[in-house]
Trainee: 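Sharing a structure here in structure tokens format.
The basis for the numbers below is simple: all heavy atoms, side chains too, and nothing from hydrogens, waters or symmetry mates. Just so it is clear, the structure is predicted and the values come from calculations on it, not from any experiment.
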Amino acid sequence: AIEITLNADDVQVIRWMKGDEKGLMIGTVEGEWIVRASTQGEALSPTNRTAKQSTPRGSANIQPVRVGKAVLFVQKALRKLCELAYVYEEDGFRSPDMTRLSEHVTKASTAATSGFKQLAYQQEPQTIIWGVRNDGVLLGFTYERAEKVLGWHRHTLGGFSNSGHTAGALVESVASIQRTDGTGDVLWLIVNRYINGRTVRYVEYMTRLWEQGDDQTDAVFVDCALTYDSAAVSSITGLFHLAGETVSILADGATHPDKAVSALGVVTLDRSASTVQIGYSYNSDGQLHRMEAGAADGTALGKTQRTHRVAFLLHDTLGIQVGPDFDNLTRLVFRTSAMDTDEFVPVFSGIKEVTWEGDYTKDNYISWRFDQPLPGTILAV
């Protein structure tokens, strides 16, 4: 056993420990420490060890995640996710703030409900660090350090957590678990909702990401969902977990009008279908920053401007609305006169050019929304 007293002039309560090729990384309430062998090239032992404080961030009582050669931990004030990584030029560690450009992402309506309460790391198929905010909002951080990709995203799940339907579903816990076939990791969640007159907690998991070549009838873009896959029917049973709720439906690859689930867990379809996805709908929103296209006398920022045409480079996309803001959206049409009206519209890949309806403004935003149970990816605007 190795017994070490951290040589510090303040209280250093240990919050976490992680192994590293440089030694043992320790996070305390006042800083981050590295414990390593005092003699280089030899093993750490009771007589061959040294402990030095590396960075002074301080850690919350939340287990960090190890991603590659870095450890990402929640800073003691709960609002920042920091990256503890070795820097060769300094022969030491740094802990930059990963939320610096998205400080709003960890902020809730009150100070008590702001900040993280749990982390989980999903390595495959995309490197994403998932976090649960104290108010039940699910946060994601796409982290591809080698490719210099760092991006935050906020996920609002379908459904409500109160009887007045004014508060969204709450995520209470997350965990990343490898698939049984070893093809990737699955994000599992405990979700709090108010359904059929009572508060319920469901164990849910996120289906794998959409990939090119996937069957459109198997697309699952609804929350708290179940799938029916058998002979064609017009009545779907077994939806007891959504009794009394209004659900979104994808029937044989095509959108279907929303329906209410009966008290017996039954949904009656307008048309028969053999593959049906049923669950809560949700919006996937995106918006570019104000356009900076330059001007004759310098920056275009702050000048009155107008966009006339916008081209969207799409990949396997349907069900998208676009516009200058979220109150003025126009749905793009993908069905052509050459398509049979009794068959679903196939996903579209290519460039969709739009005559823009925006007015003269100093903001000049470009916004989009996916609100149907269909796949969609924007590659460029």
Trainee: Are V65 and M98 connected in a single hydrophobic cluster, I mean Ile/Leu/Val/Met/Phe/Trp/Tyr linked by side-chain heavy atoms less than 4.5 Å apart?
Mentor: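 Cluster IDs for M98 and V65 match.
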
Trainee: Between E21 and K69, is there a salt bridge with N-O shorter than 4.0 Å?
Mentor: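 So K69 pairs with E21 through a salt bridge.
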
Trainee: Determine, stepwise, if the pair K76 / R15 fulfils side-chain contact (heavy atoms from CB on, under 4.5 Å).
Mentor: CA-CA 10 Å; K76 60 185 177 181; R15 295 302 194 190; over 6 Å; no

Trainee: Roughly how far, to the nearest 0.5 Å, is the CD1 atom of I128 from the CD atom of Q122?
Mentor: 5.5 Å

Trainee: Look only at the side chain of K352 and the backbone of V333, and say whether a donor-acceptor pair between them is shorter than 3.5 Å.
Mentor: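 Yes.
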
Trainee: Taking atom types as modelled, find out whether T307 and N364 have a side-chain donor-acceptor pair closer than 3.5 angstrom.
Mentor: yes

Trainee: Using the rule that Ile, Leu, Val, Met, Phe, Trp and Tyr join whenever any side-chain heavy atoms are under 4.5 Å apart, tell me whether L72 and I62 fall into a single cluster.
Mentor: yes

Trainee: Would you call the rings of H155 and H153 parallel, tilted or perpendicular, where under 30° means parallel and over 60° means perpendicular?
Mentor: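 Judged by the thresholds at 30° and 60°, the geometry between H155 and H153 is perpendicular.
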
Trainee: Indicate whether any N or O donor in one side chain lies under 3.5 Å from an N or O acceptor in the other, for D359 and T361.
Mentor: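 Absent: no donor and acceptor within the cut-off.
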
Trainee: May I ask whether I195 and I236 are part of the same hydrophobic cluster, defined by side-chain heavy atoms of I, L, V, M, F, W, Y residues being less than 4.5 angstrom apart, directly or through others?
Mentor: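 Yes.
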
Trainee: So, are R145 and E83 salt-bridged, with charged N and O less than 4.0 Å apart?
Mentor: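 Yes, this pair counts.
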
Trainee: Could you state whether V222 and V276 fall into the same hydrophobic cluster, counting links through intermediate Ile, Leu, Val, Met, Phe, Trp or Tyr residues with side-chain heavy atoms under 4.5 angstrom apart?
Mentor: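 Cluster IDs for V222 and V276 differ.
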
Trainee: Given side-chain contact (heavy atoms from CB on, under 4.5 Å), test Y121 with I129 step by step and report yes or no.
Mentor: CA-CA 5 Å; Y121 170 50; I129 299 170; 4.2 Å; yes

Trainee: With a 4.0 Å cut-off, would you call D135 and R133 a salt bridge?
Mentor: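 Result for this pair is yes, salt bridge flagged.
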
Trainee: Using modelled atom types and a 3.5 Å cut-off, is there a donor and acceptor pairing between side-chain atoms of T50 and backbone atoms of S38?
Mentor: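 No: the side chain of T50 does not pair with the backbone of S38.
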
Trainee: Is there a donor-acceptor pair under 3.5 Å between the side chain of S114 and the backbone N or O of A112?
Mentor: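 Looks like no, no N/O pair under 3.5 Å.
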
Trainee: What's the spacing between Y282 OH and L157 CG if we round to 0.5 Å?
Mentor: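 CG of L157 is found 9.0 Å from OH of Y282.
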
Trainee: Does atom NZ (K362) have a neighbourhood of more than 12 heavy atoms from anything else shown, all under 6.0 Å?
Mentor: no

Trainee: Taking everything shown except R331 itself, do over 12 heavy atoms lie less than 6.0 Å from its CZ?
Mentor: yes

Trainee: Quick one, E357 with N328, criterion side-chain contact (heavy atoms from CB on, under 4.5 Å). Give me CA distance, side-chain angles, the key distance, then yes/no.
Mentor: CA-CA 9 Å; E357 301 296 336; N328 297 278; over 6 Å; no

Trainee: Can you classify the ring geometry of W16 versus F73 as parallel (below 30°), tilted (30 to 60°) or perpendicular (above 60°)?
Mentor: tilted

Trainee: Take a 6.0 Å sphere around CG of L101 and say whether it holds more than 12 heavy atoms from other residues, nucleotides or ligands.
Mentor: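 No, CG of L101 has 12 or fewer neighbouring heavy atoms, counting only those of other groups under 6.0 Å.
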
Trainee: Could you grab the distance from atom CE of M206 to atom CH2 of W188, nearest 0.5 Å is fine?
Mentor: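 Here the rounded value is 12.5 Å.
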
Trainee: Is there a chain of hydrophobic side chains (I, L, V, M, F, W, Y, each step under 4.5 Å between heavy atoms) that links L226 to V267?
Mentor: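 The answer is yes; both residues are in one hydrophobic cluster.
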
Trainee: Between the main-chain N or O of T275 and the side-chain N or O of D252, is there a donor-acceptor pair closer than 3.5 Å?
Mentor: yes

Trainee: Is the number of heavy atoms from other residues, nucleotides or ligands under 6.0 Å of D214 CG greater than 12?
Mentor: yes

Trainee: Are side-chain N/O atoms of T113 and N134 paired as donor and acceptor at under 3.5 Å?
Mentor: no

Trainee: Which is it for Y194 and S163 under the side-chain contact (heavy atoms from CB on, under 4.5 Å) test, yes or no, and what are the steps along the way?
Mentor: CA-CA 6 Å; Y194 189 87; S163 58; 3.5 Å; yes

Trainee: Just how far is it from atom CZ of R193 to atom CG of L242, taken to the nearest 0.5 Å?
Mentor: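 Spacing of CZ (R193) from CG (L242) equals 8.0 Å.
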
Trainee: Does a donor on one side chain sit under 3.5 Å from an acceptor on the other, for Q212 and D316?
Mentor: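 Side-chain D/A pair, Q212 to D316: absent.
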
Trainee: What distance separates E172 CD from Q118 CD, expressed to the nearest 0.5 Å?
Mentor: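 Rounded to the nearest 0.5 Å, the CD-CD separation comes to 10.5 Å.
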
Trainee: Start with the C-alpha distance between K303 and D297, add both sets of side-chain angles, then the distance that settles salt bridge (Lys or Arg N to Asp or Glu O under 4.0 Å), and finish with yes or no.
Mentor: CA-CA 11 Å; K303 294 182 172 64; D297 57 349; 3.5 Å; yes

Trainee: Is there a donor-acceptor contact under 3.5 Å linking the side chains of E32 and T55?
Mentor: yes

Trainee: Does NE2 in H289 sit with more than 12 non-hydrogen atoms of other residues, nucleotides or ligands closer than 6.0 Å?
Mentor: no

Trainee: Does Y205, at its OH atom, have more than 12 non-hydrogen atoms belonging to other residues, nucleotides or ligands within less than 6.0 Å?
Mentor: no

Trainee: What do you reckon, is CZ of R66 surrounded by more than 12 foreign heavy atoms closer than 6.0 Å?
Mentor: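 Yes - once you tally the heavy atoms of other residues, nucleotides and ligands closer than 6.0 Å, there are more than 12.
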
Trainee: For V345, what are the other residues in its hydrophobic cluster, where any two members join if their side-chain heavy atoms are less than 4.5 angstrom apart?
Mentor: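 When side chains under 4.5 Å apart are linked, the cluster holding V345 also contains L250, L288, M291, V310, F312, L314, L318, I320, V322, L332, F334, M339, V347, F348, V354, W356, I366, W368, F370, L374, I378, V381.
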
